[in-house]
Structure formats: structure tokens, C-alpha cells
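Working notes, structure below.
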Amino acid sequence: MLTLTGLSKRYDTGDLALSDITLEVPAGQVMALIGPSGAGKSTLIRCVNRLVEPSAGSVVLDGLDITKVRGGKLRQARRQIGMIFQNYALVERLSVMENVLSGRLAYVGFWRSFFRQFPSPDIKQALNLLERVGLETMFDKRGDALSGGQKQRVGIARALMQNPKLLLVDEPTASLDPKTSRQIMRLICELCREQQLAAVINIHDVVLAQQFVDRVVGLRAGRLVFDGPPSALTPETLTDIYGEEDWSVPENEGENDSENTNAAVPLDLAKPIGQGGHP
Amino acid sequence: MPLIKRGDEPVWKKREPLKQYAHWAGWMLGGMLFVWCWALISENTIWEFLYDADEQAASLIGRMIPPDWSITGSLMRPLWDTINIATVGTALGILIAFPLAFLAARNTSPHPALRAFALAVIVSSRSINALIWAMLLVTIVGPGIFAGMLAIALRSIGFVGKLLYEAIEEIHPTPVEALSATGAGRTQVLAYAVWPQIMPAFAGISVYRWDINIREATTLGLVGAGGIGLQMNAAINNLAWAQVATVFVLIFATVVASEWVSAKVRHAVL
Amino acid sequence: MSASAPASGADSKRLAQLRDGIWKPLPLIRDARWRWALNASVLLYIVLAWLSVDINWARVAQGMDRGLAFMASFLQPDFITRGGEIFTGLKESLTMTLASTVIGVLLAIPVGLGAARNISPLPVYLFCRSIIALSRTFQEIIIAILFVAMFGFGPLAGVVTLAFATIGFMAKLLAEDIEDTQREPLEAIRATGASWLQWVNYAVQPQVMPRLIGLSLYRLDINFRESAVIGIVGAGGIGATLNTSINRYDYDTSAAILLLIIVIVLMSEYLSGYVRKWTQ
Ligand SMILES: Nc1ncnc2c1ncn2[C@@H]1O[C@H](COP(=O)(O)OP(=O)(O)OP(=O)(O)O)[C@@H](O)[C@H]1O
Ligand SMILES: [Mg+2]
């Protein structure tokens, strides 16, 4: 469904953030994109909806090359792609309802949206989504009156309001506590399965990713260095992606998260990767 | 930036000696410039006038007290005009400044050429006082409060435009990105992501300018652009200082009232 | 996370409407009566204000030629014919600006200290605040009229006017700044047994100095613009020349003067940007 071919990005500053990425994401697949800071994960997903202009290569969504379109065509392509941000990117002074409904902007005309005259199916859908994310009583609250986890739920509802085919998710849990992170991750993946959405999820927490996704892609310095099922991640592959590090679990620190037992690889990487003790 | 006094304290010499000298030289230069300015001014001043300045002041104040309250009634209409000049002028100015600010802000400007044009309009409007605009407009549209309103509007464009475009440049970019990513159009992004973020600043700036405009509108009558300044000018020309004092008291009261109103509004919006 | 607070009557009504697909954003003013009262009074004001303006359209139409002539003269400003007057006027304006800003800022410092509630006793506070109120209420031009009456025509009246206006402006902002300073350093220095002046020098000054410099530069800019105005009432500077040229419909000269003012304001803004960066 989504096909990236030879995708490269060189920023004006000269940084080569992506080089020659070729990748295919079939419909309904939830994919995690992992890699060290600066590997180009954000750049990659921003190239997909052209928040960042790719320097070379193509991004084809359902037969349409997004890199070739502009104006109204680009907006039509964008409305099929939902995006969820690390820092939620809500408009804080608008109410929860307005934030969720803003996911429909590409479907309604300017004046209708300006006077807040959304069609009533949209409003019902917004309410359904708010119920699904557990915020139906908060619809009149202002964005800045919510907690981080609640804001992220609104962000998810806004993305799903677009009725997208594809979700782009940039570190959805990086600003949240461990428990909320799990809840948010679970919510996103459940929603994707329910609605048969494909998703590309940038994430630093490898263990969390392993539990929820179908496929993991590793990026290092703008290059694809790993692509496989979560179970295929081994200390060697992690070293390929993140660099040299002792990935084993110290005896005294193991088993502090019982849900961890179904993870395919015996790792405990709850701490940020790369900051563990040196061998 | 510490003052030079600190240089006297040996324990505390922050700067290296050379820099310290440069620093002193800077202050010296500044001082000399000031003295030169002063010399120029005193050259053009007839100091003889000053010998009786205190008497002049005393007699001026003496003639102002008590104010001539009998003209208060006849000042009400000019006062109303003054308030209208300020309010309508501010509204007109804001109407023009609002789109201009979006053209001038780096992050919302559709084209660099338009941005340059908007910035030029803003700086021209801002550099020139309402009173000068009023002088010009009186020769163009004739004396009266219409000229006053236009003058206030022309001056407000630059003020509101500048502060507003700075506010636009300071918004968080992520909501803008997020809404662009939903496929929303340019104007929708402006209405949903930019406007809510600048709304409080916009209200604050508008009320602030209105407050200033009330003061400015009291003087426009001096050049014939309507309002209470007309009566003030007439009284001054007739050396009727008791009447001038009444006008002053009324201006003072109006300004205090307008400050109260603007404080209320600002409080309500924020 | 959900349904933490029991929904009140109004909320549950809105929720029920939502289920039917009806939604309107909450109005800015909750109380409908206040909302209507406000709308009505705005409407009323617009009508009243409209009635009070009597535009003489015939006169406006007549003036259009002059308006066009004025705009055209910006394309061919005449710096030469009255070059001498423009030069002396500008020189005088600039000297007045500098002198009045220096004097005004120096005097504003004690007034500002006195007007900060957290460091001054009540009588001093009230006295300084009334100076500020007086200076801020009246436009420079009105003050200039009074000072011209006292000191006679010439730049001295202008300098005194601008300095007086500077005091009100700077002292108010300075006082607010001082009132916003952090308490801890103030108390720490006081605890060392420093005298009042030492205390101000060591605890207050470092906290407010950068902004004081920024504001002084800003005021320099304002004073220059004002110096172009107060000449109208005889307080020196470029204003007199400008006034004459406008009254004579000599728009080419007016345009030249206005352009010079714009350029100088632009330059001073550019410069003050640099100075601000440099002092921080
Ligand atoms: N706007 C930009 N301008 C110039 N260079 C950029 C820009 N954004 C990112 N880069 C560079 O591109 C490279 C990839 O950045 P990117 O943000 O995609 O990394 P990332 O994998 O998302 O990192 P993180 O995990 O920290 O979010 C980095 O070297 C970064 O410095
Ligand atoms: Mg990133």
C-alpha cells in the first residue's frame, strides 16, 4: 500500500538524513521504526506526508506518487494519512471537540469550518472516537487543561477523524510515564487492528515496540539496517542499529515487569537505550 | 552589564584592562556627544527668557486655578468626538493591520515580495506620528473628525501590525504542522492553528493601542482634526488658561477611565 | 481517566445533543443575557459613532487631487529646495532627542525606584506614582505648549518636554520591573547589612539593567519621532519645517522630510537591535 523507493533527504544544512530508503508497508501492517537519535526516523515519516520535502525518490500511496502532487491534490493525499506527534501538537486554546474535529478540515469547506458548522455525521464520529479513547466527558475542556496522556488521546482521535488509511506516529510515548506509555501504545495498535490501518511508529522503547507491532525496521545514520519481525531482534541486530552496548540483563534487575515474559528476546530495556552501564 | 562604578573596586575587576579602557572610552565618547548636544541646544536658546521662567510658571498655574467649570457642558460634545476618533480610528487601523501582519510574518507570508511590501507599510506608518498624519489629512480631506479618525488609523496600522506579526512569528509551529498534515487548506490552518494562538496577544495589542489613541486623539484638534484639542487650542490662543485647565481635567479623567476600561478588557481576555 | 467528574446539567445536555450530531462551541461569554447586552451596546455604539461623523464628501472629493499629489511626491521627494532648513531641523531634532533621553533616563531612575512598592516607603511611592501619572496622561505636544509658554520658543522647551515624558514612561516600566524582581537576592543582600544605596546597586540593579538599556533605546526612538511633532508648537526640531511645508502644500519637501524620518527610525531600530544583543 505504501511504497518508498530510493527515498533520500539532504537538509539545506548539508546533513544527509536519509539515503536511498526502499521500503514497502502492506495494508493493515503496524510497523515500528527504531534507531538511535538522529538516525532519520522523524525525517522518514515526515517525508511520507511531505512535511519535509524529500530530495530524491518516490513515496507511493495506493498508486499515487505523493512526491509529484501539489496544492489540492497534496491535501487530498494528506487527508488519507493521519499523524500523531510526540508533543501532541494540539491547539491548546481550542476545546477538545474542536481539536478532534480539526481532523475533518480537509473534508469541509473553509466557511463551514470557520463557523464550526461540521456535518452531524462528523460530530457523531468525533463523539464515538472520544468515547473510544475514554474522553467523552471532556469534550468542552480546553486543550491546555488536559494531562499529557489525555492530550495524546485527543491527538489520536484527531488523526482517526481523518478516516486515514495510514497512520504516521512520531514517538507517541516519549513524553509520558511508563504506564501511560503502554496504554497509549496499546490504544494505537488496537485501533489500527480494528480499522485495518497501516501504521509507521517511531519509537525508542524497543521492548514496548516488540510487544505491540508486526514488524520492526531499524535505521542507522539514514540507512536501513534491519527489517524483520520483532522476534528477530537479537543483541547482534541491536548492536547493528544502535552501536556497541552490553544488551544482556543484569541478574539483580530482571523481572520487574511481569508482562515482559512474552517478549521474544530476554531484554529489559525499560531504561533509555544507550545509557546503560558499560561492559 | 555592570556599571562603571564597579571598576573602582579592585577586587571585582571583571574586564581585562584593555576592554576596561575601551569601556571607559565608550562612556567618554557618549558623554562628549551629550555635552555637544547640550551646547548646540543652549546656542539656540534665549536664556534671558529663562530668568523669569519660575514667575511665568507661577502665574500660569495661578491663572489655571481654579478651572473655569462653566464651559464643561460645552466640552462634552468634543469629548465624545475625541472618544469616537480614537475608537473608530483604532478599529479601522486594526482592520488593515490584521491582514498586513499575516503578510509580514515570516511563517505565514505567501511571498517574500509581499512580505517586504507589508514591512515597508508597517514601518512607514509607525515612524510618523498621528499628529503629522492629521496635518496631512486635514489638507487632503478637510478639517474635522474624519481626518482625525484616518490619522489615528494610519498610525495604528504600523503599531498593531508590528506587534501582531511578531506574535505570529512566535507561535508554536507544531500545531500548524499537525493541521497541515491533516490536509487542511492554508486559510483553515490560519483559522484553526494560528489564530487561536495569537488571539490573546491580538486582544491585548488592540486594547493597548486604543488606550494610547485616546491620549493621541485629545491633541489632534491642535491641527484641526477634530476632538477636544480644538477647544484647547482656542483657549490657549485666547490665553484663557482657566479654560485650558478645565480641558486638562477632562482629558485626565478620560484617560484614567480609558485605562480602567482597557485593564478590565485585558483581564477578561487573558 | 474518563468520567472522573459527574457531568453537570448543562454538560449532560450538551452531551445528549452531541449524540444527535449537534454541536456548537461554547460561547466566549457564558451568560446569554450578558452576551446580548454586549452585542446590543456594540451595535448602539456603532450607530451613535456613525451619526457623529459628518463627512463632507464634496470636500473629500476636492482633496483627492491633493491626496494623489502627496502620494506622487513620495516618488519625487525634494531634498534640495529647502535643504538648509531640513538639515538644521534634523540636526536640532537629533540633538534634542539625545539630550532629552539622557536627562530623562537619569531622572527616571530615582523616580522609578521610588515608585516600586517593594523597595520604597508609602509616601515616596505615592509621590513618585503621581509624577508618573501626570507625565503619562498628557501628550508630549500638550506639555510642549506649557513649556514653550514658560521657557519661550526654541529647543530647550522641547528638551524639557521630551525629558519629562521620558520620566513617566521609563519610571513606570522600571518600577514594574523592580516589583517583578526575585525576592531572594533582595533579602540576601539586605541581610549582609548593606546600606540602601548599596542594596539597590548590588541587588536591584543587576536584575533590571538589561531591560533598562533596552527601554532607553526604545525611548530614544520614540523621542525622535516626537521631536518631529513638538516643533509644531514652537519647541524646536524638524516639526516646524514639516508643518510649514504641509501648510504650503509643498508636498515634495514634506515627503522628503517624512522619508528622512522613516529612514532614521529604521536605522535606529537596526542599531538598537545590535546594542541589545551586545549588552546581553
Ligand atoms: N530541519 C532540519 N534542518 C537540518 N537538519 C535537520 C533538520 N531536521 C533534522 N535534521 C538532521 O537530520 C538528521 C535526522 O534527524 P531526525 O530528526 O530525522 O532524527 P530522529 O531519528 O527522528 O532522531 P530522534 O530520535 O532524536 O527524534 C539529524 O542529523 C538532524 O540533525
Ligand atoms: Mg525524531
Side-chain angles (χ1 to χ4, degrees), chain B residues 1-3 5-6 30 33-34 36-38 40-42 44-50 53-54 56-57 60 77 80-81 83-84 87-88 123-124 126-132 135-142 144-146 149 215-216 218-219 222-223 229 232 236 241 244 248 251-252 255-256, chain C residues 45 48-49 52-56 59-60 62-64 66-67 70 91-92 94-96 98-99 102 136-139 141-142 145-146 149-156 159 201 205-206 209-210 213 225-226 228-229 232-233 236 239 242-243 246-247 249 254 258 261-262 264-266 269 279-280:
Chain B
M1 148 148 181
L3 264 191
K5 275 183 247 162
R6 285 199 189 153
L33 195 64
F34 174 70
W36 179 75
C37 284
W38 187 253
L40 214 83
I41 289 163
S42 84
N44 291 319
T45 303
I46 307 167
W47 289 99
E48 283 72 36
F49 277 169
L50 241 70
D54 51 337
Q56 290 281 353
L60 206 64
R77 177 65 209 257
W80 169 243
D81 284 346
I83 294 170
N84 286 338
T87 311
V88 177
V123 75
S124 315
R126 238 159 44 75
S127 307
I128 295 169
N129 252 306
L131 208 63
I132 297 178
M135 287 197 304
L136 270 168
L137 284 162
V138 164
T139 68
I140 293 173
V141 303
I145 73 177
F146 184 52
M149 285 173 178
R215 289 160 217 251
E216 299 228 311
T218 61
T219 65
L222 291 175
V223 296
M232 179 167 64
I236 289 170
W241 291 103
V244 176
F248 281 3
I251 290 178
F252 192 82
V255 167
V256 169
Chain C
Y45 176 76
L48 286 179
S52 77
V53 194
D54 47 347
I55 304 176
N56 182 350
R59 176 68 183 78
V60 173
Q62 247 177 29
M64 269 357 259
R66 284 208 202 109
F70 170 69
K91 198 170 75 175
E92 197 166 75
L94 285 170
T95 49
M96 279 162 54
L98 193 82
V102 171
R136 278 171 48 81
T137 305
F138 295 103
Q139 284 298 112
I141 190 96
I142 298 180
I145 292 174
L146 294 180
M150 285 181 213
F151 298 153
F153 292 108
L156 184 70
V159 171
N201 183 212
Q205 183 197 313
M209 202 59 190
I213 291 172
R225 279 181 267 166
E226 291 295 337
V229 169
I232 299 172
V233 296
L242 183 60
N243 194 10
I246 291 177
N247 287 337
Y249 306 120
S254 320
L258 293 182
I261 294 176
I262 294 172
I264 291 176
V265 169
L266 253 182
E269 242 168 48
T279 50
Q280 257 154 29

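Everything quoted here is computed from the prediction, not taken from an experiment. Below, chain A is the first sequence line, B the second, and so on; all start at residue 1.
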Next item on the list: Would you please name every residue forming a ring-ring contact (aromatic ring centres under 6.0 Å, His included) with B:Trp38, sequence neighbours left out?
Entry: none
Notebook entry, point to check: So how far is it from B:Thr219 OG1 to C:Phe138 CZ, rounded to the nearest 0.5 Å?
Noted result: 12.5 Å
Next item on the list: Select, from C:Val60, C:Thr137, C:Ile55, the one with the greatest count of heavy-atom pairs under 4.5 Å involving chain B.
Entry: C:Thr137
Item checked: OG-CD1 distance between B:Ser124 and C:Ile261, expressed to the nearest 0.5 angstrom -> 11.5 Å
Check: Contact part of B:Val141 toward chain C, heavy-atom cut-off under 4.5 Å: side chain, backbone, both or neither?
Finding: both
Check: What residue, out of C:Gln62, C:Arg225, C:Arg66, has the most heavy-atom pairs lying under 4.5 Å from chain B?
Finding: C:Arg225
Checklist line | Engaged part of B:Ile41 at the chain C interface, taking heavy atoms whose separation is under 4.5 Å | finding: both
Notebook entry, point to check: In terms of ring plane angle, is the pair C:Tyr45 and B:Trp80 parallel, tilted or perpendicular, where the classes change at 30° and 60°?
Noted result: perpendicular
Margin query: So, applying side chain to side chain contact (heavy atoms under 4.5 Å, CB included) with C:Ile141, which one of B:Leu222, B:Asn129, B:Val223 is it?
Written below: B:Leu222
Item checked: Residue among C:Ile264, C:Leu146, C:Val159, C:Asn247 with most heavy-atom pairs under 4.5 Å to chain B -> C:Leu146
Check: Would you say the side chain of C:Thr95 lies within less than 4.5 Å of the side chain of B:Trp36, judging by non-hydrogen atoms?
Finding: yes
Checklist line | Among the listed options B:Met232, B:Glu216, B:Arg215, the residue most often paired with chain C at heavy-atom distances under 4.5 Å | finding: B:Arg215
Notebook entry, point to check: Can you check side chain to side chain contact (heavy atoms under 4.5 Å, CB included) on B:Phe248 and C:Ile142, steps first, answer last?
Noted result: CA-CA 9 Å; B:Phe248 281 3; C:Ile142 298 180; 3.4 Å; yes
Item checked: When C:Val265, C:Ile262, C:Asn243, C:Asn56 are compared by non-hydrogen pairs under 4.5 Å with chain B, the top option -> C:Ile262
Checklist line | Option in C:Pro155, C:Gly67, C:Ala149, C:Gly154 with maximal non-hydrogen atom pairs under 4.5 Å from chain B | finding: C:Pro155
Note to self: Once side chain to side chain contact (heavy atoms under 4.5 Å, CB included) is applied, do any residues pair with B:Thr139, and if so which ones, sequence neighbours excluded?
What the structure shows: C:Ile246, C:Tyr249, C:Tyr251
Check: Is B:Ile128 close to C:Leu258 at the side-chain level, that is, under 4.5 Å between some pair of heavy atoms?
Finding: yes
Notebook entry, point to check: Heavy-atom distance under 4.5 Å to chain C: side chain of B:Asp81, backbone, both or neither?
Noted result: side chain
Next item on the list: Would you mind reporting whether C:Phe70 and B:Leu137 have side-chain heavy atoms less than 4.5 Å apart?
Entry: no
Item checked: Nearest-0.5 Å distance, CG of residue C:Leu242 to CD1 of residue B:Ile132 -> 5.0 Å
Next item on the list: Name the region of B:Arg77, side chain, backbone, both or neither, that has any atom closer than 4.5 Å to a heavy atom of chain C.
Entry: side chain
Checklist line | Choice from C:Ala49, C:Ser52, C:Gly239 maximising heavy atom contacts with chain B below 4.5 Å | finding: C:Ser52
Check: Which bit of C:Glu269 is near chain B, if near means a heavy-atom gap under 4.5 Å: side chain, backbone, both or neither?
Finding: side chain
Next item on the list: Sort B:Leu136 into side chain, backbone, both or neither according to what part of it lies under 4.5 angstrom from a heavy atom of chain C.
Entry: both
Note to self: Determine whether C:Val233 and B:Ile236 satisfy the following criterion, side chain to side chain contact (heavy atoms under 4.5 Å, CB included), listing intermediate values before the conclusion.
What the structure shows: CA-CA 11 Å; C:Val233 296; B:Ile236 289 170; over 6 Å; no
Next item on the list: Determine the minimum heavy-atom distance between C:Arg59 and B:Ile140, stating which atoms define it.
Entry: NH1-O, 3.2 Å
Notebook entry, point to check: Which atoms of B:Val256 come close to chain C, meaning under 4.5 Å heavy atom to heavy atom: side chain ones, backbone ones, both, or neither?
Noted result: neither
Check: Got B:Met135 and C:Ile232 here, is their nearest side-chain heavy-atom distance under 4.5 Å?
Finding: yes
